[in-house]
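Data first, discussion second: the structure below is written as structure tokens.
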Number of protein chains: 2
Amino acid sequence: MAVATIRDVAQAAGVSLSSVSRALNGGKHVSARIARDVAAAADRLGYQPDFTARSLRTRTSGMVGCLVSDIANPLNATIVRAAEACLRDAGYLLVVASTANDPTRERTAAIEFRGRRLDGLLVAPGSNANAKTWRDLGAAGTAIVILDRDPLEDDDDNRWPAVLVDHRAGAKAATRYLTGLGHRRIALLTADAEMRPSRERIAGFREVFAEAGIDPAGAQLCLQSSPMDFAHSDALALLRRDDRPTAVIALGTRILAGVLRAARDIGLSVPGDLSVLSVGDTDLAAVHTPAITALRWSLEDVGRAAAELLLQRLRGDIGRAQYRALLPVDLVLRDSCASPKTN
Amino acid sequence: MAVATIRDVAQAAGVSLSSVSRALNGGKHVSARIARDVAAAADRLGYQPDFTARSLRTRTSGMVGCLVSDIANPLNATIVRAAEACLRDAGYLLVVASTANDPTRERTAAIEFRGRRLDGLLVAPGSNANAKTWRDLGAAGTAIVILDRDPLEDDDDNRWPAVLVDHRAGAKAATRYLTGLGHRRIALLTADAEMRPSRERIAGFREVFAEAGIDPAGAQLCLQSSPMDFAHSDALALLRRDDRPTAVIALGTRILAGVLRAARDIGLSVPGDLSVLSVGDTDLAAVHTPAITALRWSLEDVGRAAAELLLQRLRGDIGRAQYRALLPVDLVLRDSCASPKTN
DNA sequence: AAGGTTGCTGAAAACGATTTCAACAAGCGG
DNA sequence: CCGCTTGTTGAAATCGTTTTCAGCAACCTT
């Protein structure tokens with residue numbers, strides 16, 4: 001016998017299977033004597049319940065899935081780590097999958113998750129192509145929490161739980177800071193403009209230009225053409241233009257690397273010739289010389305909040321369950337931004 | 001009825017449960033007619049098998065666990081991503097857990113995994129405290145692959161599958177490069193010296209000193225005292241000494257950040273006053289000014305090789321199964337190393 | 001044409017837990 | 001002392017699948 005089953009424990013304790021089950025699951029309706037005997041027998045046999053069997057009966061797997069575009073991206077990885085720690089403390093296991101922003105892989109993974117009867121799902125959809133999939137999954141009983149993406153809204157009574165970061169406020173603070181330094185031509189390098197979080201950031205960026213009455217032509221939006229080269233070639237093209245911006249906001253750490261490399265290649269000094277501001281703080285931003293001014297929010301908090309939101313649903317206190325967590329963004333001032341040269 | 005079961009399919013197709021099961025599992029002993037009818041019925045009902053029930057019967061879960069110290073560390077995260085992609089293609093799900101190098105959490109997670117009947121485990125043990133746990137798990141039928149750590153050796157016939165990176169050769173190449181430039185006082189900053197991979201690197205480092213007949217007193221080994229500050233304070237202390245090294249090898253990317261910050265704080269220029277070499281290549285090393293010379297190996301390959309090794313076991317071709325994969329390390333020459341000033 | 005082999009089929013037994021239900025004992029009020 | 005409630009117990013059903021086994025028909029060999 002490889003591993004002890006509940007049957008063995010019952011036999012060893014001299015009671016019935018049902019009593020063992022009750023005793024082990026903190027049960028009511030168990031006498032002190034049986035509780036003691038069962039605990040002793042279970043301990044002696046090194047009994048460990050079989051989650052597979054339990055799942056089959058209870059129709060819950062004790063597992064939660066996490067679907068992000070790329071688990072190797074430090075931003076995602078940090079969120080995953082925090083969520084995993086929370087969930088594990090609550091007795092859940094975390095299953096991960098990377099989608100590479102491919103809607104098909106996203107859908108396939110979701111279906112796979114459903115087959116495995118995962119209880120919950122943390123997901124950062126790469127597009128809104130799979131809205132129906134999420135809805136079906138939710139209807140089938142899976143608790144879903146959206147990670148910093150545009151949540152689907154069915155109607156007022158049926159909102160989707162989501163953890164959101166206040167990128168709009170962050171972008172406004174950053175833009176105000178740069179316009180305050182005197183910048184009038186600011187470029188926004190981004191991989192995407194359609195969805196959260198980029199859309200929110202762009203909106204905040206534009207709001208400030210409008211509020212301050214600055215010529216909106218100075219607000220340059222650069223969509224990254226090739227997602228694979230870390231924005232390097234796009235940044236090169238941008239910085240070689242005659243009317244090149246005096247400041248660049250890099251929407252994403254992979255993009256920051258491309259911008260910095262491009263500036264170095266062309267021989268532009270930061271912040272003398274070009275101010276650089278990173279959206280998202282990493283080792284690279286903090287350690288680079290000069291240190292890069294950055295927008296920062298707590299990825300740990302995102303992961304933790306997502307796990308908490310999900311656990312609320314899984315525990316079934318839907319009544320008082322929150323739907324939204326909105327996390328703040330800070331502007332970390334460092335040395336990569338200065339007033340533009342007057343020329 | 002929320003979701004269709006095999007029973008519903010059987011009824012819809014007008015055959016027995018067993019026939020459906022056989023038909024669906026690519027079975028022999030199924031007539032063409034039944035195969036067709038079952039496929040049609042399953043398709044029409046949107047049938048998806050319940051892995052929970054299947055697991056209970058077949059005693060395999062179709063899931064693989066991954067246990068690393070910190071899944072948010074880009075090195076681990078990249079490995080995990082590659083492994084996950086491989087495993088998913090083979091129909092397995094990947095469950096992750098971070099151990100924070102705490103042997104207790106490591107053991108707890110392993111036990112949890114066993115309760116969930118995970119089929120396999122990719123693990124980078126933080127110490128050899130849990131050797132017995134791994135052995136028990138292996139004996140209970142879990143396929144285990146070790147990730148770039150010292151594998152346990154039971155005896156010649158019972159070796160543990162492992163994916164190893166040739167850190168010793170890498171360290172030798174790096175050290176030879178630095179001694180070739182004229183360095184005689186080289187510091188090795190590391191968080192750990194007992195285990196792979198650090199131990200291998202240190203060994204390689206020392207070998208070169210011995211071979212070249214260089215005064216071994218110049219080979220300074222600095223163990224990071226506080227693991228949380230990215231080696232910053234240790235690097236500061238080291239660089240302030242009168243006999244400070246002319247070159248530093250940072251064994252790990254978190255350590256590289258600390259070294260670079262310390263050099264900047266003190267006002268040492270790289271590579272003028274100090275040569276810096278990173279073990280492990282990241283955005284930070286590639287983009288920093290000056291760009292940091294680094295040892296690089298393919299994390300994708302590590303993850304992929306680990307998944308392949310594991311899949312071999314899971315498929316049961318133990319006969320011709322490999323035990324070891326040894327992956328090469330490259331020295332990427334950049335701008336952070338130069339000959340020391342003569343003084 | 002008898003006997004044997006093959007190939008397909010469905011009934012039923014697992015897998016290991018939870019949960020329902022009925023039986024039973026004890027305690028209590030009338 | 002009877003009936004009723006309360007609390008504990010174990011037998012048995014259940015979750016959805018795979019797998020064993022026996023039955024049966026068809027085909028082949030002699």
Side-chain angles (χ1 to χ4, degrees), chain A residues 1-39 41-42 45-63 91 112 114-119 140-141, chain B residues 1-39 41-42 45-63 91 112 114-119 140-141:
Chain A
M1 158 195 3
V3 51
T5 76
I6 200 175
R7 196 172 212 104
D8 304 320
V9 177
Q11 196 162 21
V15 296
S16 74
L17 274 70
S18 354
S19 295
V20 175
S21 178
R22 276 189 292 259
L24 257 32
N25 296 338
K28 288 312 298 169
H29 303 298
V30 192
S31 69
R33 183 185 60 81
I34 289 196
R36 178 171 42 77
D37 289 358
V38 166
L45 270 61
Y47 169 72
Q48 192 186 7
D50 184 325
F51 274 77
T52 309
R54 174 181 298 184
S55 293
L56 178 57
R57 184 60 228 250
T58 62
R59 320 209 48 74
T60 67
S61 62
M63 299 190 301
E112 175 81 0
R114 185 168 53 129
R116 311 283 186 144
R117 298 287 184 282
L118 297 204
D119 298 335
Chain B
M1 157 195 4
V3 52
T5 75
I6 201 175
R7 195 171 214 104
D8 303 320
V9 177
Q11 197 162 23
V15 297
S16 74
L17 275 70
S18 355
S19 294
V20 176
S21 179
R22 276 188 293 258
L24 258 31
N25 297 337
K28 289 311 298 169
H29 302 298
V30 191
S31 69
R33 184 186 58 82
I34 288 198
R36 177 171 43 78
D37 290 358
V38 166
L45 271 59
Y47 169 72
Q48 192 186 8
D50 183 327
F51 273 77
T52 310
R54 174 181 297 183
S55 293
L56 178 58
R57 183 61 230 247
T58 62
R59 319 207 50 73
T60 68
S61 60
M63 299 191 300
E112 176 79 2
R114 186 169 53 130
R116 311 283 186 146
R117 299 285 185 278
L118 296 204
D119 297 335

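Only heavy atoms go into these numbers, but all of them, side chains included; no hydrogens, no water, no symmetry mates. So you know, we letter chains A, B, ... as the sequences are listed, proteins then strands, and number each from 1.
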Please collect all salt bridge (Lys or Arg N to Asp or Glu O under 4.0 Å) contacts where either partner lies in residues 50-62 of chain B, sequence neighbours excluded, each pair once.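 Pairs touching residues 50-62 of chain B that pass the test: Arg117(A)-Asp50(B).
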
Nearest-0.5 Å distance that lies between atom [atom1] in [X] and atom [atom2] in [Y]:
| X | Y | atom1 | atom2 | result |
| --- | --- | --- | --- | --- |
| Met63(B) | Arg116(B) | CE | CZ | 7.5 Å |
| His29(B) | Ile34(B) | NE2 | CD1 | 13.5 Å |
| Thr60(B) | Leu118(B) | OG1 | CG | 11.0 Å |
| Arg22(B) | Leu17(B) | CZ | CG | 10.5 Å |

Round to a whole Å and report the spacing from [atom1] of [X] to [atom2] of [N].
| X | N | atom1 | atom2 | value |
| --- | --- | --- | --- | --- |
| Asp50(A) | dA14(C) | CG | C1' | 14 Å |
| Asp8(A) | dA17(C) | CG | C1' | 13 Å |
| Arg59(B) | dC15(C) | CZ | C1' | 7 Å |
| Arg7(B) | dG10(C) | CZ | P | 14 Å |

Partner set under side chain to side chain contact (heavy atoms under 4.5 Å, CB included) for Ser55(A), not counting sequence neighbours: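 Ser61(A), Thr52(B).
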
Checking Ala12(B) now: which residues fulfil side chain to side chain contact (heavy atoms under 4.5 Å, CB included) with it, not counting sequence neighbours?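 So Ala12(B) forms a side chain to side chain contact (heavy atoms under 4.5 Å, CB included) with Ala41(B), Arg44(B), Leu45(B).
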
Which is more 5' along DNA chain C, the nucleotide nearest Ala53(B) or the one nearest Ile34(B)? Just name the residue.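 The answer here is Ile34(B).
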
If you define the side chain from C-beta out and look only at heavy atoms, does anything of [X] sit under 4.5 Å from [Y]?
| X | Y | result |
| --- | --- | --- |
| Val38(B) | Ser19(B) | no |
| Leu24(A) | Tyr47(A) | yes |
| Val15(B) | Asp37(B) | no |

Rounded (10°) bend between the five-pair end axes of the helix from dA1(C)-dT30(D) to dG30(C)-dC1(D):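 Answer rounded to 10°: the end axes differ by 50°.
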
So, is Arg117(B) close to the dC15(C) phosphate, meaning a side-chain N or O under 4.0 Å from OP1 or OP2?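 So the side chain of Arg117(B) is outside the cut-off, no N or O lying under 4.0 Å from OP1 or OP2 of dC15(C).
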
Just the atom pairs and distances: protein N or O near nucleotides 19-28 of chain C's N or O, under 3.5 Å.
none

With a strict under 4.0 Å distance from non-hydrogen atoms of chain A, what nucleotide opens and what nucleotide closes the contacted stretch of DNA chain D, reading 5' to 3'?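 Range of nucleotides within reach of chain A: dT8(D) to dG16(D).
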
